[in-house]
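Notes for the one structure printed next.
Here the structure is a predicted model, which means the values were calculated and not measured.
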Amino acid sequence: MAEQVRAIRTRQTILSAAAKVFEEHGYQAATISQILSEAGVTKGALYFHFQSKEDLALGVLAGQQDERLAPPPRASKVQEIIDAVMLHAHRLQTNPMVRASVRLSLDQQAQGLDRSGPFLQWSQAGLHLLQKAQEQGELLPHVVPSETADVIVGSFAGVQSMSQVVSDYRDLPSRVSSLLRHLLPSVAVPSVLASLDLSEGRGATVYADALKAAEEQELAGAVG
C-alpha cells in the first residue's frame, strides 16, 4: 500500500512539473530535461509513468478533469451550464494544472499532439445539459443543442485566449459573464433568463459548493 501511495505521489509530482514547464514554454519548446529538473525525479521514474513528452502532455490535458469538482445539480439546466463555465474560469485562475491544460489545448504550435480531448469533452457535457434544458422547456424553439454546445465551447475558448494575452486571466470572470450575457438571450426563454445568476463571483461560489459536496461525499464513503 505504501509503495502504491508513493507511486501515485510521484506521478502527480511529474504531472505538476510538466504542467509548469508546458505553461511557461509551450509544447514544442518544453523538454524532458526541464520537466525532470522541475520534478526532481530520475529519468527512470518519469519513464515508468510516462512514455514520452506527448504522453506527459496528454496527462496534463486530462488532469484538469476533476470529477469531484463538477458543479452541483441545479433545477435550471441553463444555470448548470453557466456554473460549469464559471467554475472552469475560476479554476483557470487558481489551478496550475488547468492553466497548463488550456495552454496546451490552444497551442497551435503543438505539432503531433492531439488537442481535441478537452474541446470534445466540453461539447459533450454542454450537449447533455442543453438536451435536459430543452426537455424542461428552458430553450427557445429554434435552438439545436449540438450547435449551441459547440458555439459556447468555441466562444469560451476565444475568451480564455484573449484574457490570457490581455491580463493573464485576471479579467476572465468579467469577460465570461459578458460572453454569457450576450449569448444566452438567443438560447434561453425569457422566464429562465430572468432567474439566472451571471455575476462575476459566481465561479468562486460554485467552487465552494463543489468542494463542500466532494468533502461530504468522501466522508459518507469513509463512514460507509
Test item: [X] and [Y] side chains (from C-beta on) under 4.5 Å apart, heavy atoms:
{"X": "Leu198", "Y": "Leu184", "value": "yes"}
{"X": "Gln124", "Y": "Gln121", "value": "no"}
{"X": "Arg91", "Y": "Tyr207", "value": "yes"}
{"X": "Gln12", "Y": "Met97", "value": "yes"}
{"X": "Leu139", "Y": "Val78", "value": "yes"}
{"X": "Ile35", "Y": "Phe22", "value": "yes"}
{"X": "Arg175", "Y": "Val166", "value": "yes"}
{"X": "Leu113", "Y": "Leu58", "value": "yes"}

Kindly compute the distance separating [atom1] ([X]) from [atom2] ([Y]), expressed to the nearest 0.5 Å.
{"X": "Met86", "Y": "Arg202", "atom1": "CE", "atom2": "CZ", "result": "8.5 Å"}
{"X": "Glu80", "Y": "Glu138", "atom1": "CD", "atom2": "CD", "result": "9.5 Å"}
{"X": "Leu172", "Y": "His90", "atom1": "CG", "atom2": "NE2", "result": "11.0 Å"}
{"X": "Leu127", "Y": "Asp150", "atom1": "CG", "atom2": "CG", "result": "8.5 Å"}
{"X": "Glu200", "Y": "Asp171", "atom1": "CD", "atom2": "CG", "result": "9.5 Å"}
{"X": "Arg103", "Y": "Leu92", "atom1": "CZ", "atom2": "CG", "result": "12.5 Å"}

Determine whether a donor-acceptor pair (N or O, by modelled atom type, separation under 3.5 Å) exists between the side chain of [X] and the backbone of [Y].
{"X": "Gln136", "Y": "Ser76", "value": "no"}
{"X": "Ser195", "Y": "Val192", "value": "yes"}
{"X": "Gln93", "Y": "Tyr169", "value": "yes"}
{"X": "Ser178", "Y": "Ser174", "value": "no"}
{"X": "Ser37", "Y": "Ser33", "value": "no"}
{"X": "Thr13", "Y": "Arg9", "value": "yes"}
{"X": "Asp107", "Y": "Tyr27", "value": "yes"}

Say whether [X] and [Y] are linked into one hydrophobic cluster, either directly or through other cluster members, by side-chain heavy-atom distances under 4.5 angstrom.
{"X": "Leu15", "Y": "Tyr47", "answer": "yes"}
{"X": "Phe48", "Y": "Leu46", "answer": "no"}
{"X": "Leu211", "Y": "Leu87", "answer": "yes"}
{"X": "Leu183", "Y": "Val144", "answer": "no"}
{"X": "Val151", "Y": "Met162", "answer": "no"}

>> Less than 4.0 angstrom from a charged side-chain N to a carboxylate O is my criterion; do Glu23 and Lys20 meet it?
In response: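 Result for this pair is no, no salt bridge flagged.
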> Between Arg74 and Asp209, is the closest basic N to carboxylate O distance under 4.0 Å?
Replying inline: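 Looking at Asp209 and Arg74, the cut-off is met.
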For [X] versus [Y], what's the shortest heavy-atom pair and its separation?
{"X": "Ser199", "Y": "Asp197", "value": "OG-OD1, 2.7 Å"}
{"X": "Leu106", "Y": "Arg115", "value": "C-NH1, 3.9 Å"}
{"X": "Leu61", "Y": "Ser105", "value": "CD2-N, 3.9 Å"}
{"X": "Thr31", "Y": "Gln34", "value": "N-OE1, 2.9 Å"}
{"X": "Trp122", "Y": "Ala84", "value": "CH2-O, 3.5 Å"}
{"X": "Ala19", "Y": "Ala100", "value": "O-CB, 3.2 Å"}

> Just wondering, are more than 12 heavy atoms of other shown residues or ligands nearer than 6.0 Å to NZ in Lys53?
Replying inline: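 Correct, the count exceeds 12.
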> Heavy-atom count around His182 NE2 within 6.0 Å, excluding the residue itself: above 12?
Replying inline: no
>> With side chain to side chain contact (heavy atoms under 4.5 Å, CB included) as the criterion, how do Leu140 and Val187 come out once you've worked through the C-alpha distance, each side chain's angles and the decisive distance to 0.1 Å?
In response: CA-CA 6 Å; Leu140 294 168; Val187 175; 5.8 Å; no
>> Pair Leu180, Ile81 - check side chain to side chain contact (heavy atoms under 4.5 Å, CB included), show working.
In response: CA-CA 10 Å; Leu180 293 172; Ile81 293 169; 5.9 Å; no
> Can you say whether the rings of His88 and Phe156 are parallel (under 30°), tilted (30 to 60°) or perpendicular (over 60°)?
Replying inline: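 Answer is perpendicular, since the angle exceeds 60°.
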